[in-house]
Amino acid sequence: MQAEKEDDDDEGSPEEYVALSDFTGSGSDQLSFSSGDRLLVHTKPSPEWWWAELHEVLGYVPASYLRKDTDEEEEDTSPEDPWQDEEYFGSYGTLRLHLEMLSDKSRTEAYRQVILSNSASLRNKVVMDLGCGTGIISLFCAQLAQPSMVYAVEASSMADYTTQLVKQNGCEEKVTVLQARAEEVELPEQVDILVSEWMGNCLLFEFMVESVLMTRDRWLREGGVMWPSSAALTIVPCQAHSYYQEKMAFWEQVYGLDFTPLQPLAQQEFFTKPKFSHVIDPADCLATSCDVICLDMYTLQVQDLEEMQGLFQFCVEKPGVFHGFTAWFTVHFESLETGSPTVELNTGPHSEPTHWKQTLFMLDKPIDVYEGDSISGSITLSRNPVWRRHMTVTLHWNINNSNHSSTEETHNSKVGTKSFPMWR
């Protein structure tokens, strides 16, 4: 419950912050506020959620929606770098992420297979490899097909090394490396194929997809090809016994002592944000997974990214404990040649593992479910109005117990809503 302000002051003085945009809290421990509201921040228990006060009511608020207040009435409250480009491109200027991506055989081989199976159709075509990194996709194009030119576009400092790699592999006549942001790149011609590996956690996270769409509208010729051509976000209700035990049940008995008063703090610290790099055992899926958001890369518009919503309806296939939802994505690459199969890259638990793995969204409390129960609801991906690479995932769910009888109500709610901020 949101706590009414107490008379005795907290240790230290609260800091005043200004809300940069509206926020609607989900759950009784989150504050709702409007753009321009002045909130007093008492504590900052995590980088994502702060404990704040508005109109003498206390609750958690998302830190990224607030800006430190000043005495300047005409202050420009827009962030200096809403895209966090220095940090974002800086991370791609080192080898750590490139090692992770190149070591992902499922990811890298999918792009290689797309080019190999469409090599005849790529002959004499102009290709753009957007966000090329080390240039692996561009090099595949040059070596496996006969394009007239591949423009390898990379905004980070890795572009200098990519140029060296192109020369080292004898592809300098076919591959031109351009160090530029997608929105600022200049080409001498339109392209026939726009290929990019833009996907993030929960498909959209970090929103490189916006750069892809802007590049499509500017540089892809009419009738040109997008790879990937389509994408889908998939979720499933799941069990997560080991993670729940590790982060929550642990506090029930610590070296023979009762540490349960720490469980509310553990819930706020570990379960209010998604768990990236989760690996779900297929046996922990409580139902058949469902595609909730589908993207057509030819028709998707930048403004569509601000909020995307999908509905789900699951039938529980076995009794278990409903701990939360697990999400992953799939992308498809259309074939340009008759008889060639459509290439799929699936990051789900029934496919070869990828560096994305899956993303876990934990409920506040586990709920027992039974075979035949239905779990219905919606998922909303809301782009952060201030920090453009961030988003919030909101899940609404309703559980209907249809095939079993219960003489007493459980203490867990059958209807729930929870929001999860996702940011770098």
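Predicted model only: the values in this text are computed from it and were never measured. By convention here, the first residue in the shown sequence is residue 1.
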Within the supplied structure, the quantity of interest is the number of heavy atoms (other residues, nucleotides, ligands) at a distance under 6.0 Å from [X] [atom1]; does it exceed 12?
{"X": "Glu86", "atom1": "CD", "value": "no"}
{"X": "Arg123", "atom1": "CZ", "value": "no"}
{"X": "Glu352", "atom1": "CD", "value": "no"}
{"X": "Gln301", "atom1": "CD", "value": "yes"}
{"X": "Gln253", "atom1": "CD", "value": "yes"}

Is a side-chain donor or acceptor of [X] paired with a backbone partner of [Y] at a separation under 3.5 angstrom?
{"X": "Trp251", "Y": "Pro261", "value": "no"}
{"X": "Gln358", "Y": "Ile280", "value": "yes"}
{"X": "Trp219", "Y": "Leu187", "value": "no"}
{"X": "Glu337", "Y": "Ala120", "value": "yes"}
{"X": "Arg389", "Y": "Phe207", "value": "no"}
{"X": "Lys174", "Y": "Pro147", "value": "yes"}
{"X": "Ser156", "Y": "Met158", "value": "yes"}
{"X": "Ser148", "Y": "Lys125", "value": "yes"}
{"X": "Arg216", "Y": "Met297", "value": "yes"}
{"X": "Ser340", "Y": "Ser335", "value": "no"}

Give me the atom names and distance for the closest heavy-atom approach of [X] to [Y].
{"X": "Cys285", "Y": "Lys318", "answer": "O-CE, 3.5 Å"}
{"X": "Leu31", "Y": "Ala52", "answer": "CD1-O, 3.4 Å"}
{"X": "Cys141", "Y": "Val127", "answer": "SG-CG1, 4.2 Å"}

Tell me whether Lys418 forms a cation-pi arrangement with Phe361, defined as NZ or CZ under 6.0 Å from the six-membered ring centre and within 45 degrees of its axis.
no
* Asked: Cation-pi between Arg388 and Tyr88: NZ/CZ under 6.0 Å from ring centre and within 45° of the ring axis?
  -> no
Compare all side-chain heavy atoms of [X] with those of [Y] and state whether any distance is below 4.5 angstrom.
{"X": "Ile399", "Y": "Asn401", "result": "yes"}
{"X": "Met391", "Y": "Cys202", "result": "yes"}
{"X": "Thr326", "Y": "Asp284", "result": "no"}
{"X": "Ser34", "Y": "Asp22", "result": "yes"}
{"X": "Ile367", "Y": "Lys414", "result": "yes"}
{"X": "Leu363", "Y": "Phe322", "result": "yes"}

Self-check item: Evaluation steps, side chain to side chain contact (heavy atoms under 4.5 Å, CB included), between Met248 and Phe270
Solution: CA-CA 9 Å; Met248 184 61 67; Phe270 301 120; over 6 Å; no
Only one of Glu48, Gln84, Arg383 passes side-chain hydrogen bond (donor to acceptor under 3.5 Å, both in side chains) with His390, and that residue is Gln84
Tested for side-chain hydrogen bond (donor to acceptor under 3.5 Å, both in side chains) against Thr234, the lone hit among Thr330, Asn346, Asp291 is Asp291
Evaluate the ring planes of Trp49 and Tyr60, with Trp represented by its six-membered ring, and classify them as parallel (under 30°), tilted (30 to 60°) or perpendicular (over 60°).
perpendicular
* To do: Determine the interplanar angle of the His241 and His323 rings, folded into 0 to 90°, and report it as parallel if under 30°, tilted if 30 to 60°, perpendicular if over 60°.
  => perpendicular
Could you please spell out the steps behind the side chain to side chain contact (heavy atoms under 4.5 Å, CB included) verdict for Tyr65 and Tyr17?
CA-CA 10 Å; Tyr65 280 63; Tyr17 283 77; over 6 Å; no
For residues 107-161, the ring-ring contact (aromatic ring centres under 6.0 Å, His included) pairs (sequence neighbours left out) are Tyr111-Phe333
Less than 3.5 Å apart, any donor N or O on the side chain of Glu183 or Ser211 sitting next to an acceptor on the other? yes
Salt bridge (Lys or Arg N to Asp or Glu O under 4.0 Å) pairs touching residues 101-113, sequence neighbours excluded, are Arg107-Glu197, Glu109-Arg112
Note to self: Between Glu15 and Lys68, does the side chain to side chain contact (heavy atoms under 4.5 Å, CB included) criterion hold? Intermediate values first, please.
What the structure shows: CA-CA 8 Å; Glu15 300 175 89; Lys68 192 69 177 291; 3.1 Å; yes
Side-chain donor-acceptor pairs under 3.5 Å in residues 308-317, sequence neighbours left out?
| from | atom 1 | to | atom 2 | distance (Å) |
| --- | --- | --- | --- | --- |
| Gln309 | NE2 | Thr380 | OG1 | 3.0 |
| Glu317 | OE2 | Thr288 | N | 3.2 |
| Glu317 | OE2 | Thr288 | OG1 | 2.5 |

Start with the C-alpha distance between Met422 and Val393, add both sets of side-chain angles, then the distance that settles side chain to side chain contact (heavy atoms under 4.5 Å, CB included), and finish with yes or no.
-> CA-CA 7 Å; Met422 296 177 64; Val393 176; 3.5 Å; yes
